[in-house]
Structures are given as structure tokens and as C-alpha cells.
Amino acid sequence: MAIDRGCHCWGLEKLLRTRMQLHFSPSMRSITISSSSSNGFVDLMKIKVAARHISYRTLFHTILILAFLLPFVFILTAVVTLEGVNKCSSLDCLGRRFGPRLLGRDDSGRLVREFYKILKQINTEDLPPHIKLPESFSQLVSNMKNNQYDAKTFALVLKGTMEKLEREIREAKFAELMNKHFAASSIPKGIHCLALRLTDEYSSNALARKQLPPPELLPLLSDNSYQHFVLSTDNILAASVVVTSAVQSSLNPEKIVFHVITDKKTYAGMHSWFALNPVSPAIVEVKGVHQFDWLTRENVPVLEAIESHNGIRSYYHGNHIAGTNLSETTPRSFYSRLQARSPKYISLLNHIRIYLPELFPNLDKVIFLDDDVVIQRDLSPLWDLDLKGKVNGAVETCRGDDDWVMSKRFRTYFNFSYPLVAQSLNPDECAWAYGMNVFDLRAWRKTNIRDTYHSWLKENLKSNLSMWKLGTLPPALIAFKDHVHPIDPSWHMLGLGYQNNTNIENVKNAAVIHYNGQSKPWLPIGFDHLRPFWTKYVNYSSDFIRNCHILES
């Protein structure tokens with residue numbers, strides 16, 4: 001039955017306004033108790049005291065105490081009734097409910113302990129099949145009010161609801177990672193448009209086909225007094241940013257020579273861009289992999305196998321979730337697995353750096369750059385850097401606290417449960433960064449780095465990719481083992497494509513910033529606050545950039 005709170009509150013207020021008075025007769029033989037209310041009504045009750053064996057003084061004190069306690073009893077009874085706790089129909093019940101409070105004790109701690117006990121009990125139990133879980137928190141509250149759950153049933157429903165929400169969150173997280181992987185592996189419409197328009201320009205515009213560099217500058221392509229940079233990419237926009245940033249940041253741009261290597265399908269568009277947008281006084285050479293006489297199937301049999309291996313193509317272009325137990329996989333490990341499945345890892349352009357001594361036989365030293373870097377400071381001091389007889393000058397990635405970028409050792413990349421890996425490598429050995437490397441080609445030609453690279457790729461193919469998930473860094477870590485000279489971390493800052501909490505001041509101070517990771521600055525998933533460091537070198541005055549609506553908001 002519904003309780004009218006307003007009515008009960010009025011009754012309680014009336015009760016509290018009642019005044020009680022005691023009147024004793026001169027002989028102490030009778031006592032009159034009167035009560036009056038604010039509306040003027042007076043109630044009288046007269047008590048005659050018989051002549052018994054009890055003293056008047058004792059009787060007086062007894063009645064005085066009762067008169068003092070009765071108003072409190074009336075008020076407590078009224079409060080209990082008004083709160084709907086009318087099941088307490090005896091003084092014993094009231095005592096159990098209000099006694100601890102009157103004595104300064106509280107049963108809430110005991111109730112909490114009992115509820116913890118129930119939670120611990122149901123933690124090991126399976127949910128009964130008949131329990132229907134709510135779809136939302138508001139429905140859970142509504143079900144509690146309507147069904148009047150006991151403590152155990154409520155705990156079971158709460159457990160089931162939390163487990164359901166956790167599953168939904170995990171599924172949403174994995175779906176987000178998959179969508180991000182597909183976005184990172186795709187070619188944005190604007191960049192695809194740029195390549196098509198420039199390729200068309202190459203076929204119709206003689207200026208787009210002019211020789212790079214001009215014939216009179218060809219000898220400088222092998223002049224070791226110049227600073228030679230090598231860039232391998234099929235992304236025309238990214239290549240333009242790398243070259244432009246290097247030239248604008250250099251104190252001696254007239255001493256810079258860029259060797260841009262691309263694939264056959266992108267060659268015409270890449271050539272058109274640098275022919276129509278010269279970066280003088282620097283020199284730019286554009287070559288396709290098909291123009292290097294040394295890059296034959298006989299010289300790179302392993303890479304040919306990688307590109308044609310059915311199992312590998314299925315691994316990189318197939319179902320990325322097949323065979324993955326998502327309930328036992330963390331989002332971070334799943335993210336790393338997706339990273340390792342980037343299609344670029346089976347591209348010859350990504351492996352081309354292992355053949356630099358053969359591709360540039362007349363050069364002594366080069367700096368190799370990935371296409372997702374930006375140069376912010378003059379790199380001339382790197383040409384004077386003493387590598388102490390080593391081949392590769394690189395930033396080590398095991399010296400920082402950042403788990404994603406700067407806390408990586410060999411155990412991060414290799415499967416040390418595989419016998420050959422466990423026998424040959426040290427899991428605690430420090431890894432280093434690919435993407436901005438100073439290579440001493442003279443020292444390199446005295447080593448067997450290329451053959452070591454090939455042999456480990458073959459072993460990994462035989463193991464069905466059990467030693468590491470295919471990529472360029474793991475075999476390079478092995479091939480360049482004992483051939484790496486660490487350089488100062490300020491030369492190369494990594495991780496701008498991994499996380500959005502990168503320290504902006506560190507970004508400003510780094511000589512080279514590297515957007516390694518999925519969130520490239522030319523993609524919609526790039527981090528907005530890090531993108532301006534890259535877009536400042538995009539040539540928005542170009543008709544090709546404007547007409548393809550690149551990076552327009």
C-alpha cells in the first residue's frame with residue numbers, strides 16, 4: 001500500500017508540537033498528566049496513588065522518569081512508522097534497530113563485510129542461465145526497484161553486467177584497432193589523385209620529363225664532397241616533405257644531393273613532381289628500382305621469394321583476426337601484430353637499404369631517411385661524425401621509459417622460444433632505430449652484412465615466420481650486430497605516429513622527427529597537434545596539391 005509522505009510528515013509535526021505537563025496534588029495522593037496542542041485542545045489523565053508499601057519518593061522518581069522517556073518513545077515509534085518500517089511491532093525490534101545507534105555503534109560496517117563476503121563467493125560461481133542481464137545502468141536500477149533483489153541475486157546480476165560491458169569494450173577496442181590498421185594501410189584519395197595527375201603530366205608535358213639532374217650536374221651524384229641523402233618511397237607527397245624540410249633546414253643546401261628511389265608505377269609521377277618543383281640549390285635524382293642494373297632476381301632471390309610466397313601474401317593480405325584468440329590477447333599485443341602485418345614489409349622499397357653499397361658503388365657515406373620523417377635542423381655535423389669503424393650510426397631505442405618507443409630490446413622483436421633464436425641472440429641486447437641512419441659504405445663493403453640479412457630471411461621463411469613476424473628491422477638487427485655506433489638521441493626522435501602525448505618541446509628541439517607508427521601526418525588518423533610540424537613543408541601553392549584537395553579540412 002502506498003504511503004502518503006506528506007500526511008505522515010504533518011502527523012509528526014503535530015506530535016512534536018504537543019506539550020505535556022505533570023500536576024501533583026499537595027498530599028501526593030494523585031497525579032494529573034495533561035497534554036495541549038497548538039490548536040487549543042487539552043487532554044487530561046488523573047492517576048490516584050493507593051496507599052501501598054511503596055514510598056512516595058520512589059513513586060515520584062519512577063513517574064518522573066517515565067514522563068521523560070515517553071515522548072522519545074512516541075517520536076521513535078512515529079519515525080519508524082513514517083519510514084515504512086512498520087514490521088517492527090515490538091520494543092525488542094525497535095531495540096535491535098535503534099539500540100546500536102543510541103549507544104554510538106553502527107551496523108553499516110557489518111553489512112559491508114557481509115556484502116564483500118557475498119561478492120567473494122559469487123566471484124568463483126558461474127552465472128545461472130535464468131538470470132536476465134540489463135541492457136544499461138538505468139535498466140539495472142529499474143530492475144532493482146521492481147524485483148527487490150536479495151543481496152546474492154543483486155551481486156550475480158552486477159557481476160554479469162560488468163562482464164558483459166567488459167566484453168563489449170574489448171570487442172569495440174579490437175574493432176577500432178582493425179579499422180585503424182586498414183586506414184593506415186590505405187592510400188588517401190588526395191595522394192592517389194596527386195600520383196595520377198603527375199603521371200599524366202609526365203606523358204604530356206616536356207618540362208615534367210626533363211632530366212634530373214641536368215647533364216652538367218651528373219658528376220655531382222658521385223662526388224663525396226657533397227652530402228648524399230637516400231630516400232626510398234612510393235609516396236610523392238611524403239617525399240616532397242622530406243626533401244623540402246632537409247633543404248630548408250640546411251646551412252649549406254648547395255652541398256645537398258638527394259637520391260630518391262621509387263617503384264616503376266610511381267616513377268613518372270615522382271619525376272614530374274621534382275622536375276616541376278625544383279629545390280635548388282640542392283640536387284635531386286629520381287630513379288626507379290627497374291633502372292638499377294644490379295637489382296636482378298639473381299642478386300635478390302630472397303626478396304623475390306618474399307613477394308611471391310603464397311603464405312606470406314596470405315599473412316599480409318588475408319584475415320588478420322583468423323587464429324587469434326581475442327579473449328586471451330591484449331589490445332596492445334594485437335596492435336603490435338597488426339603493425340607487423342603492414343603490406344609495406346613485403347615491398348622491395350622497404351628492403352632496398354640493405355643494398356646501398358651496391359646501388360651507390362662510388363659513394364663513401366650516405367644518410368638514409370624514411371619517408372615519414374621531417375628534418376628540422378642542419379644535419380651537416382653527422383657527416384663529420386666519427387663512427388669509430390662501425391657501419392651504422394643510429395639512435396638506440398632501449399634507453400628510455402617509453403614502452404612504445406624507447407624501451408625496446410631484442411626480446412621485443414624476436415621469438416626466443418624458437419631454438420635458433422635462443423641460441424644465437426641475446427634478449428637483453430639493445431635495439432636501435434631505422435629511419436635516420438648514417439651509413440659508412442666503405443666500412444660496410446668489408447662486411448658480410450647483406451649475406452647475413454639474406455640467410456636469416458631464408459631461415460624465417462623456412463620456419464613459417466616463427467622467428468619473427470616479417471619486417472625489415474628484425475633481420476637488420478641481426479645483420480648489423482656489432483656494426484652499430486650509437487648517436488645522440490636528439491638527432492632522431494621517434495614515436496610521433498604511435499601516441500598523442502608526445503612532449504611538444506622535445507619535438508621542437510629534435511633534429512629529425514619520425515612519424516613511425518600508424519598515425520601518419522598525411523592520414524586522417526594522424527594526430528592533429530603533431531601534424532603541423534609536417535604540413536609546414538607541404539607546397540600548398542602547387543596546382544596539383546590544390547586540385548587534389550590534399551589535407552583540406
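Hydrogens, waters and symmetry mates are skipped; everything else that's a heavy atom, side chains included, is used.
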So, Q376 side chain and A510 main chain: donor-acceptor pair closer than 3.5 Å or not? yes
Relative to W444, does R450 satisfy both conditions: NZ or CZ under 6.0 angstrom from the six-membered ring centre, and within 45 degrees of the ring's axis? no
T397 side chain vs A433 backbone, donor-acceptor pair below 3.5 Å: no
Considering all heavy atoms, the nearest T502-G495 contact: OG1-O, 4.2 Å
Does the Lys NZ or Arg CZ of R353 fall within the cation-pi geometry relative to Y434 - under 6.0 Å from the ring centre and within 45° of the axis? yes
Closest contact, heavy atoms only, A422 versus F416: CB-O, 3.4 Å
Could you walk me through whether C430 and R409 satisfy the side-chain contact (heavy atoms from CB on, under 4.5 Å) test, starting with their C-alpha distance in whole Å, then the side-chain angles of each, then the deciding distance to 0.1 Å, before giving a yes or no? CA-CA 5 Å; C430 189; R409 298 181 181 272; 4.3 Å; yes
Starting at CH2 of W522, measure out to CG of L237 and round the result to the nearest 0.5 Å. 8.0 Å
Within-4.5 Å side-chain heavy-atom neighbours: W534 and K520: no
Using 4.0 Å as the upper bound for N to carboxylate O, is an ion pair formed by D528 and R531? yes
Pairwise side-chain contact, I367 with Q227, heavy-atom cut-off 4.5 Å (strictly under): no
With no hydrogens and no angle check, is any side-chain donor or acceptor of S249 less than 3.5 Å from a backbone partner on I375? yes
Give, for atom NZ of K481 and atom CZ of F410, the distance between the pair rounded to the nearest 0.5 Å. 6.5 Å
Smallest heavy-atom separation, E201 atom then L276 atom, equals CG-CD1, 3.9 Å
About how many Å separate CG of L231 and CG of L369, when rounded to the nearest 0.5 Å? 6.5 Å
Taking NZ in K164 as the centre, count heavy atoms belonging to other residues, nucleotides or ligands within less than 6.0 Å. Is the count above 12? yes
Check V512, L494, D370 against M436 for a side-chain contact (heavy atoms from CB on, under 4.5 Å) and give me the one that passes. V512
Are the side chains of I352 and L295 in contact, using a 4.5 Å heavy-atom criterion? yes
F414 vs P474 side-chain heavy atoms within contact, under 4.5 Å: yes
Between A282 and V247, what is the shortest heavy-atom contact and its length? CB-CG2, 3.6 Å
Say whether, by atom type as modelled, one donor and one acceptor occur between the side chain of T472 and the main chain of H351 under 3.5 angstrom. no
Using ring centroids (six-membered ring only for Trp), state whether H259 and F360 fall under 6.0 Å. yes
Residue pair S466 / N464, side-chain donor-acceptor N/O under 3.5 Å: no
Check the pair V243, F274 against side-chain contact (heavy atoms from CB on, under 4.5 Å), reporting the backbone distance first and the verdict last. CA-CA 10 Å; V243 173; F274 287 105; 3.9 Å; yes
Within the 4.5 Å heavy-atom criterion, are P475 and I478 side-chain neighbours or not? no
Would you check if the side chain of T244 reaches a backbone N or O of V241 as a donor-acceptor pair within less than 3.5 Å? no
Spell out, as yes or no, whether a donor-acceptor pair under 3.5 Å connects the side chain of K365 to the backbone of W383. yes
Greater than 12 external heavy atoms within 6.0 Å of N503's CG: yes
Hey, what's the ring geometry for F527 with H529, parallel, tilted or perpendicular (30° and 60° as the breaks)? tilted
side-chain contact (heavy atoms from CB on, under 4.5 Å) evaluation trace for N437 with W432: CA-CA 10 Å; N437 302 86; W432 43 268; 3.9 Å; yes
For the OG1 atom of T535 and the CG atom of L530, what is their distance to the nearest 0.5 Å? 11.0 Å
Pair Y418, L425 - check side-chain contact (heavy atoms from CB on, under 4.5 Å), show working. CA-CA 11 Å; Y418 194 83; L425 304 177; over 6 Å; no
Just do the side-chain hydrogen bond (donor to acceptor under 3.5 Å, both in side chains) check on N252 and S250 with the steps written out, would you? CA-CA 5 Å; N252 300 292; S250 175; 5.5 Å; no
Any donor-acceptor pair under 3.5 Å linking the side chain of R377 with the backbone of N509? yes
Just by distance, with hydrogens left out, do D378 and S380 show a side-chain donor and acceptor under 3.5 Å apart? yes
For T199 and A268 the tightest heavy-atom approach is CG2-CB, 4.1 Å
Report the distance from atom OG of S222 to atom CG of N224, rounding to the nearest 0.5 Å. 7.5 Å
Check for a donor-acceptor pair, side chain of N460 on one end and backbone N or O of M467 on the other, with a separation under 3.5 Å. yes
Begin from the C-alpha positions of T233 and D371 and carry the test side-chain hydrogen bond (donor to acceptor under 3.5 Å, both in side chains) through to its verdict. CA-CA 6 Å; T233 180; D371 64 359; 2.6 Å; yes
Do D364 and L441 come close enough that some side-chain heavy atom pair is under 4.5 Å? no
Would you please indicate if the ring centroids of F480 and F439 are separated by under 6.0 Å? yes
Residues H290, Y267; criterion side-chain hydrogen bond (donor to acceptor under 3.5 Å, both in side chains); working and verdict: CA-CA 10 Å; H290 59 288; Y267 170 75; over 6 Å; no
Looking at every heavy atom in both V300 and W294, which two are closest together, and how far apart are they? CG1-CZ3, 4.3 Å
Give a yes or no on whether K446 atom NZ has more than 12 heavy-atom contacts from other residues, nucleotides or ligands under 6.0 Å away. no
Within-4.5 Å side-chain heavy-atom neighbours: K390 and D440: no
State whether the side chain of T262 and the backbone N or O of G288 hold a donor-acceptor pair below 3.5 Å, judged by distance alone. no
Report yes or no: does N277 contribute a side-chain atom to a donor-acceptor pair with the main-chain N or O of A275 at less than 3.5 Å? no
dist L198:CG -> W273:CH2 (nearest 0.5 Å) comes out at 7.0 Å
Contact between K255 and S225 at the side-chain level, heavy atoms closer than 4.5 Å - yes or no? yes
Look at atom CD1 of I187 and say whether more than 12 heavy atoms of other residues, nucleotides or ligands are closer to it than 6.0 Å. no
